[in-house]
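Working notes for the structure below.
Excluded from the calculations below are hydrogen atoms, water molecules and symmetry mates; all remaining heavy atoms, backbone and side chain alike, are included. Remember, predicted model here, so these are calculated numbers, not experimental data. Residue numbers run from 1 in the order of the sequence given.
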Amino acid sequence: YPEFAAVFAEFMPPDTRAPDGTALRGTPAVVGPLEPFELCRLFARLWRERRTGRLFARNAADAEWMVAFREGRPINATSNLTEEAIGSLLKAQGLIDDSAFDEAVEFRRTGGGRIGSALVNLQKVSKRDLNRALAVQAMDRLMAVFRQSAGIYRFIPDPKAANDEMRLLASTRDIIETGLAVAVDPREITAQLKVMGDPVLMVSLTDELADGLSDEDKG
């Protein structure tokens, strides 16, 4: 067996070896059911391990989302749903109308690029308003993932995910708390978080804050 290991080691690419020459195993994908508390555990784990990669989620109706992580922090989210597209969001916020959207579609058809960039180039929306809308869009997509009660997720390590545009500006803990708040009854959240016991999910209180809380609140 040591002889076979030595032979295979000679055929391993240099970047797959540790400094002592032994082979390194690739980080495996993480797979699980698409459910709010499972996502809670996953996000806490990815933050604790400072993982970089992409989370792919699919529900029972074949709707799909992708969340990019940089060192354990969610930075962007996309989906294949038409109602979550930037054009629909901008129209819902009253920033553009159907005529402006149609112009952007035609501009994109001839000049390429994205709808958002086309709207900025046509001066139908400001860059600031577009960036704000894109941040809202990313958070809405991420919250939609937490709302799913059936489906599957798969996290795949990918260093290139670190290069994705940062649209999600909230901390990992804030995202976890918001995701659970939109998907689960508060009493169930309290009960489940106590059972999980993950340090990422635990609240630490200063003495000043603790003085203003009841024993029940502290628990």
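- In this structure, OG in Ser149 is found 8.5 Å from CG in Asn59, a value given to the nearest 0.5 Å.
- Remark: Glu49 CD is packed, more than 12 non-hydrogen atoms of other residues, nucleotides or ligands lying under 6.0 Å away.
- The hydrophobic clustering, which links ILVMFWY residues whose side-chain heavy atoms are closer than 4.5 Å, places Val182 and Val67 together.
- For the ring-ring contact (aromatic ring centres under 6.0 Å, His included) test, residues two or more places apart in sequence or in another chain that qualify with Phe146 are Phe43.
- To the nearest 0.5 Å, atom CG of residue Asp129 and atom CD1 of residue Ile96 are 11.5 Å apart.
- With contacts defined as side-chain heavy-atom distances shorter than 4.5 Å, the pair Trp65/Leu81 qualifies.
- Under the salt bridge (charged side-chain N to carboxylate O under 4.0 Å, His left out) criterion, Arg109 pairs with Glu106, sequence neighbours left out.
- Both Val184 and Leu34 are members of a single hydrophobic cluster when ILVMFWY side chains are connected at heavy-atom separations under 4.5 Å.
- In this structure, Met143 and Arg147 have side chains that are in contact, with non-hydrogen atoms separated by less than 4.5 Å.
- Applying the salt bridge (charged side-chain N to carboxylate O under 4.0 Å, His left out) test to Arg167 and every residue at least two apart in sequence or in another chain returns Glu165.
- Side-chain contact between Phe56 and Ile156: present, with at least one pair of heavy atoms (C-beta onward) separated by less than 4.5 Å.
- A pairwise comparison of heavy atoms in Leu89 and Gln137 identifies CD2-CB, 3.5 Å as the closest pair.
- In this structure, CG on Leu142 lies 8.5 Å from CG on Leu55, to the nearest 0.5 angstrom.
- Gly72 and Thr172 get closest at one heavy-atom pair: O-OG1, 3.4 Å.
- The shortest distance between side-chain heavy atoms of Ile115 and Phe107 does not fall below 4.5 Å.
- Minimum interatomic distance between Ala77 and Ala138 (heavy atoms only, all atoms of both residues): CB-O, 3.5 Å.
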Only distances under 3.5 Å count here; give the side-chain donor-acceptor pairs of residues 117-125 to other protein atoms, sequence neighbours excluded, each with its distance to 0.1 Å.
from: Asn121; atom 1: ND2; to: Ser117; atom 2: O; distance (Å): 3.2
from: Lys124; atom 1: NZ; to: Glu103; atom 2: OE2; distance (Å): 3.2

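- Applying the side-chain contact (heavy atoms from CB on, under 4.5 Å) test between Ile75 and each of Asp164, Thr52, Leu168 identifies Asp164 as the sole match.
- Rounding to the nearest 0.5 Å gives a distance of 5.0 Å between CZ of Phe155 and CG of Leu46.
- Annotation: side chain of Arg51 is in contact with side chain of Val30 (closest heavy-atom distance under 4.5 Å).
- Residue pairs satisfying the salt bridge (Lys or Arg N to Asp or Glu O under 4.0 Å) criterion with at least one member in residues 148-163, sequence neighbours excluded, are listed as follows: Arg54-Asp158.
- Looking at Ile152 and Pro33, their side chains never come closer than 4.5 Å, going by heavy atoms from C-beta outward.
- One distance of note links CG of Asn76 with CE of Met166; it measures 9.5 Å at 0.5 Å rounding.
- Note on Leu134 and Leu95: same hydrophobic cluster, where clusters join Ile, Leu, Val, Met, Phe, Trp and Tyr whose side-chain heavy atoms are under 4.5 Å apart, directly or indirectly.
- Ala29 approaches Pro157 most closely through the heavy-atom pair CA-CD, 4.2 Å.
- Looking at heavy atoms from C-beta onward, Glu188 lies in side-chain contact with Phe37 at the 4.5 angstrom threshold.
- The distance from the CZ atom of Arg58 to the CG atom of Asn80 is 8.5 Å, given to the nearest 0.5 Å.
- Between Lys91 and Asp98 there is a salt bridge, since at least one side-chain N of the basic residue sits less than 4.0 Å from a carboxylate O of the acidic one.
- Scored by the side chain to side chain contact (heavy atoms under 4.5 Å, CB included) test, Ala170 finds Met139, Asp174, Ile175 as partners (sequence neighbours excluded).
- For the pair Arg50 and Trp47, the distance from NZ or CZ to the six-membered ring centre is under 6.0 Å and the angle to the ring normal is within 45 degrees.
- You'll find the side chain of Gln93 reaches within 4.5 Å of the side chain of Val136, heavy atoms only.
- Residues Gly116 and Leu130 approach most closely at O-CD2, 3.5 Å, considering heavy atoms.
- Between Ala68 and Ala161, the shortest heavy-atom distance links the atoms CB-O, 4.3 Å.
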